[in-house]
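A short write-up of the structure that comes next.
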Number of protein chains: 2
Amino acid sequence: MNNRIPELRRQQGWSQAHLAACLKVSRQTVNAIERGRYDPSLPLAFSIARLFGVAIEDVFQPDPE
Amino acid sequence: MNNRIPELRRQQGWSQAHLAACLKVSRQTVNAIERGRYDPSLPLAFSIARLFGVAIEDVFQPDPE
DNA sequence: GCGAAAGGTAAAGCAAGCTTTACTTTTGTG
DNA sequence: CACAAAAGTAAAGCTTGCTTTACCTTTCGC
């Protein structure tokens with residue numbers, strides 16, 4: 001699952017640690033999701049999209065299968 | 001996490017079993033998600049939304065916290 | 001009211017998401 | 001270069017998502 005989190009995060013001038021704090025998850029979780037090591041849960045995906053003020057579909061693009 | 005799956009599913013005249021087959025998950029998974037026993041993974045949420053031709057936000061509404 | 005289809009539920013087990021702790025590597029600014 | 005901040009990685013452990021098997025209840029057309 002590809003995502004635009006690094007791009008959206010840097011637009012805000014935020015570190016992974018700051019984003020993690022906003023989302024109330026660990027920094028490692030943010031890192032892992034950004035790097036595509038696993039997908040966020042649906043509630044976390046909602047939190048991320050809401051924080052950036054965009055739709056889930058604007059943050060995450062499922063790989064075509 | 002509230003969802004409109006039963007409504008969207010019945011609009012298509014589909015059973016839980018049929019929906020499960022389309023999504024390539026078990027019928028119990030569809031049942032559990034419809035009834036809010038747990039949230040789908042993000043990839044499954046994408047599959048569901050895509051199948052019904054709507055946005056994820058149109059299918060799932062995270063409970064306010 | 002019968003039977004079949006649909007829906008609901010439960011237990012055990014595997015896979016994925018997330019945590020904490022802790023260490024290494026990269027990046028960037030003086 | 002030097003130091004600090006940021007990013008990357010790893011292991012162990014807990015929780016959640018999903019599977020299979022199996023059984024019970026509800027709905028509905030005949």
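Proteins come first, then strands; the chains are lettered A, B, ... in the order of their sequence lines, and each starts at number 1.
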Any side-chain N or O of [X] under 4.0 Å from OP1/OP2 of [N]?
| X | N | value |
| --- | --- | --- |
| Arg35(A) | dG8(D) | yes |
| Ser41(A) | dC18(C) | yes |
| Gln16(B) | dG8(C) | yes |
| Asn31(A) | dA7(D) | no |
| Thr29(B) | dG17(D) | no |

Confirm from the modelled atom types if Arg37(A) and dG8(D) form a donor-acceptor pair under 3.5 Å, side chain to base only. no
By nearest-heavy-atom nucleotide on DNA chain C, the more 5' of Glu34(B) and Ser26(A) is Glu34(B)
Would you kindly give the [atom1]-to-[atom2] distance between [X] and [N], to the nearest whole Å?
| X | N | atom1 | atom2 | answer |
| --- | --- | --- | --- | --- |
| Leu44(A) | dT19(C) | CG | C1' | 13 Å |
| Gln28(B) | dA10(C) | CD | C1' | 10 Å |
| Leu42(B) | dA16(C) | CG | P | 15 Å |
| Arg10(A) | dG28(C) | CZ | C1' | 13 Å |
| Ile48(B) | dC18(D) | CD1 | P | 8 Å |
| Met1(A) | dG17(C) | CE | C1' | 13 Å |
| Gln12(A) | dA6(D) | CD | P | 16 Å |
| Lys24(B) | dC18(D) | NZ | P | 15 Å |

Check whether Arg27(B) reaches the backbone of Ala20(B) with its side chain - one donor and one acceptor, N or O, closer than 3.5 Å. no
Polar side-chain atom of Asn3(B) near backbone of Ile33(B) as donor-acceptor pair, under 3.5 Å: yes
Looking only at dT20(C), dG17(D), dG17(C), the nucleotide nearest the Tyr38(B) side chain is dG17(D)
Closest listed nucleotide, where the reference is the side chain of Ser15(A) and the choices are dG17(D), dC18(C), dA6(D): dA6(D)
Please assess His18(B) against Gln12(B) for the test side chain to side chain contact (heavy atoms under 4.5 Å, CB included), listing each intermediate value before the final yes or no. CA-CA 10 Å; His18(B) 178 73; Gln12(B) 305 295 324; over 6 Å; no
Looking only at heavy atoms, the pair that brings Cys22(B) and Leu51(B) closest together is CB-CD2, 3.8 Å
Between Arg27(B) and Pro40(B), the residue closer to the 5' end of DNA chain D by nearest nucleotide is Pro40(B)
Using the rule side chain to side chain contact (heavy atoms under 4.5 Å, CB included), only one of Leu44(B), Leu19(B), Leu23(B) pairs with Thr29(B); which is it? Leu44(B)
